[in-house]
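Right, one structure below, let's go through it.
A quick note: this is a predicted structure, and the numbers were derived from the prediction, not measured. In what follows, chains carry the letters A, B, and so on, assigned in the order in which the sequence lines appear, proteins first and then strands, with residues in each chain numbered from 1.
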Amino acid sequence: MASDRIFGAVVTLVALAYVASATQIQTSFLADPVGPRMFPIMVGSVAALCGILVALSPDEDPDWPALRTLGALAIAVLVLVAYAYSLKPLGFLIPTAIVAAILSYQINPRKPQAAMAGVGLSVGLFFIFKFALGLGLVALPAVFNG
Amino acid sequence: MELLANLATGFGIALSPFTLMLAVFGCFIGTIIGALPGLGPSNGVAILIPLTFSMGLDATSALVLMTAVYYGAMYGGRISSILLNIPGDEPALMTTLDGYPMAKAGRAGDALVISGVASFTGAFLSTVGLMLLAPLLARIAFQFGPAEYFALYLLAFATLGGIASNNQAKAAIASCIGLGISMIGVDNNSGLPRLTFGNMHLFDGVDFLVAIVGLFAIAEVFFFIESHGKNTSIGVKLEKITVPWKDIWDTRWTQLRCSLVGFVAGVLPGAGASLGSFLAYMSEKSLAGDKAGFGTGVAKGVAAPEAGNNAAAGGALVPMLTLGVPGSGTTAVLLALLMTLNITPGPTLFTERPEVVWGLIASLLIANFVLLLMNVPMVKVFVKILSVPPWVLLPGVTMISFVGIYSLSGSYFDLLLMVAFGVLGWVLRKLDVPTVPIILGILLGGHMEDALRRAMVLSDGDWTYLFSSGIAITLWIVAVAGFVAPMFLRGVLKKPQRITD
């Protein structure tokens, strides 16, 4: 119950903010009868209305995971964000091995397997991408290549 | 005899060694993707699109490869349904109802062969149906103006939200999220940026591939972390495989009927394969009566949903190719592929790029035979795939997604956006909000707004123009009915629950 009420409220607020920013869209002098504002405003209004409906008649709560699992998920998200930033400066092999190992450990908490999965995936996928598909990946940080 | 001439063109393209190789390769990869628990057709196709794109294949080859993967995944989905009781995606859920009990009774091999043959019947007949129906529909689609297209897009959202979800308001929210995201970026008409909040990265808009991979593949990884890969593989052993000729012959009418039901369900925009397999199973169940023992592991119960599911997969290509409106999550992903390749689906596709359409249809016919061979005599090879543990598979999927998206633009911003979509996908699916309408919204938003604005330019701002033709009015009525009717039918159309051990 509570989840859907919060969800509905959040959707309504975001939708109203969306409508508000849509009214600020610049129009050019070549405007057509509808203009660039109308459609976003329509979409936002429908979403706001549905948000209110969901908040008023909520479904049953889903099974939210325990706090520990939420922690694991948060770690996974952080690791993926770090991976996004590191792929370019650090090359493919090292970040991939680390991130794959951490994700593997989050799914099945056994350290040796996770390490093996990380290294194996990193090297294996590098070969597939580089040589079978011909993608321009950089293996190692630029420092090592001089 | 235009049809035969067109088919000849198509086979001329499809039988070239390279295309043929791509089709076989696609079938193989597709069956693996389908068989892997936790990777359904839509995730599988989604993570492969960026890779196909960066391999530099031409449009026909890329399309042949990806649709072969799509058909393959539809076939392969039954393997994990039957042996592990884990449906790879929603349409495969119906196959678990009779497939898994049959496997537990020691007839795993029979169930795999029967479902493989039923898949072939469904897929083959629906490809023939596609061949016959698509050119006809393309001819009708020539009469569609912007007002009709606007109503048609609305219809797709309405039926998808109405039939495929449990809560209309939530489905509508999902559609609006997608449509709202598609508005971000430079406006085509005025050339001015909209809703970018001054962020340079958003001027080009949000790439639909980023959203698709995030919502499907990355969100799936979060689900596996949440469950710690627990509810996987209690598996059933597979003994020697023989062909149960008698069962196949006994289910021949079931297969034919379900192919028809599935095809019709697939053609409806927004309904897709889930509805196809569901309707096929339920209609056979009520036709056979209580004595037939549906749900306890009977041959008909395995054949029905697989024929329906695969026929719907072919049927869903009809509106996708002729109107540019996808009929299911996976066809939405295929539409994304077409857009990436700069092919605009629609009636003009049939007249201007016949080699693409007929090459595709011919490849699908060939792919069906390849898949029958792979899925009946060679099914044991794919069963081995099931033993890939999730703690290797899911990190692998993540890495492939990252590299794929990274190879598109080389920007870390798209990767961050993809992770954000993954989190969004996890939260929304937890709250029982469907994610397919989001994809549809991002894909169709631009076209939908464009249709509305062109209609208003034509009519000089007169809103009644939207209801000015018979086709448009019909589409509006069907859209409203498709959205509202399921609220009242919910009691009748109750989905059977998944069986638990």
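- The choice from Leu431(B), Val433(B), Thr398(B), Val427(B) that makes the most heavy-atom pairs within less than 4.5 Å of chain A is Leu431(B).
- Note: Glu226(B) CD to Trp426(B) CH2 = 5.0 Å, rounded to the nearest 0.5 Å.
- Options Met448(B), Met456(B), Arg453(B) differ in how many heavy-atom pairs under 4.5 Å they form with chain A, and the most are formed by Arg453(B).
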Open item on the list: Assess the residue pair Ile439(B) and Phe216(B) against the criterion (side chain to side chain contact (heavy atoms under 4.5 Å, CB included)); give the C-alpha distance rounded to whole Å, side-chain angles, the decisive distance to 0.1 Å, and a yes or no.
Closed with: CA-CA 10 Å; Ile439(B) 307 288; Phe216(B) 287 163; 4.0 Å; yes
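- Of the possible polar contacts, none joining the Asn108(A) side chain to the Trp391(B) backbone as a donor-acceptor pair under 3.5 Å is found.
- The pair Arg454(B)-Glu449(B) does not count as a salt bridge, with every side-chain nitrogen at least 4.0 angstrom from each carboxylate oxygen.
- Heavy atoms of Val392(B) lying under 4.5 Å from chain A belong to its backbone as well as its side chain.
- When heavy atoms are compared at a cutoff of 4.5 Å, Ser21(A) approaches chain B by way of both its backbone and its side chain.
- For the set Ala455(B), Ser407(B), Ser411(B), Gly180(B), the entry with the most heavy-atom pairs within less than 4.5 Å of chain A is Gly180(B).
- Look at Asp63(A) and Lys430(B) and you find no salt bridge, because none of the NZ, NE, NH1 or NH2 atoms lies under 4.0 Å from a carboxylate O.
- The contact between Val99(A) and chain B is made by backbone and side chain atoms together, counting heavy-atom distances below 4.5 Å.
- For Tyr406(B), the part lying under 4.5 angstrom from a heavy atom of chain A is the side chain only.
- Using a 4.5 Å cut-off between heavy atoms, Val419(B) touches chain A through its side chain atoms alone.
- Checked by atom type, the side-chain pair Tyr83(A)/Thr96(A) shows a donor-acceptor distance below 3.5 Å.
- In summary, the side chains of Asp432(B) and Asn167(B) do not present any donor paired with an acceptor at a separation below 3.5 Å, with no hydrogens or angles considered.
- In this structure, Leu424(B) CG and Ile438(B) CD1 are separated by 5.5 Å, a value rounded to the nearest 0.5 Å.
- Note that the CD atom of Glu220(B) and the CG atom of Leu393(B) stand 9.5 Å from one another [nearest 0.5 Å].
- Contact annotation for Leu428(B): only side-chain heavy atoms (C-beta onward) come within less than 4.5 Å of a heavy atom of chain A.
- Looking at Ile400(B), the atoms closer than 4.5 Å to chain A (heavy atoms on both sides) sit in the backbone and in the side chain alike.
- In terms of modelled atom types and a separation under 3.5 Å, the side chain of Ser104(A) and the main chain of Ala101(A) share no donor-acceptor contact.
- Interface summary for chain B: among Pro65(A), Ala47(A), Pro62(A), the most heavy-atom pairs under 4.5 angstrom belong to Pro65(A).
- The stretch residues 111-125 of chain A places Gln113(A), Ala117(A), Leu121(A), Leu125(A) near chain B, each with some heavy atom under 4.5 Å from a heavy atom of that chain.
- In terms of heavy-atom pairs under 4.5 Å with chain B, the best-connected choice from Val43(A), Asp61(A), Ile102(A) is Val43(A).
- Residues Ile33(B) and Leu48(B) are in side-chain contact: their nearest non-hydrogen atoms beyond the backbone lie under 4.5 Å apart.
- For Tyr105(A), no part lies near chain B; criterion is any non-hydrogen pair under 4.5 Å.
- How far OG of Ser182(B) is from CG of Leu444(B): 8.5 Å, rounded to the nearest 0.5 Å.
- Of the two parts of Tyr18(A), the backbone and the side chain both hold a non-hydrogen atom closer than 4.5 Å to a non-hydrogen atom of chain B.
- Trp64(A) and Thr69(A) share no side-chain donor-acceptor pair at under 3.5 Å.
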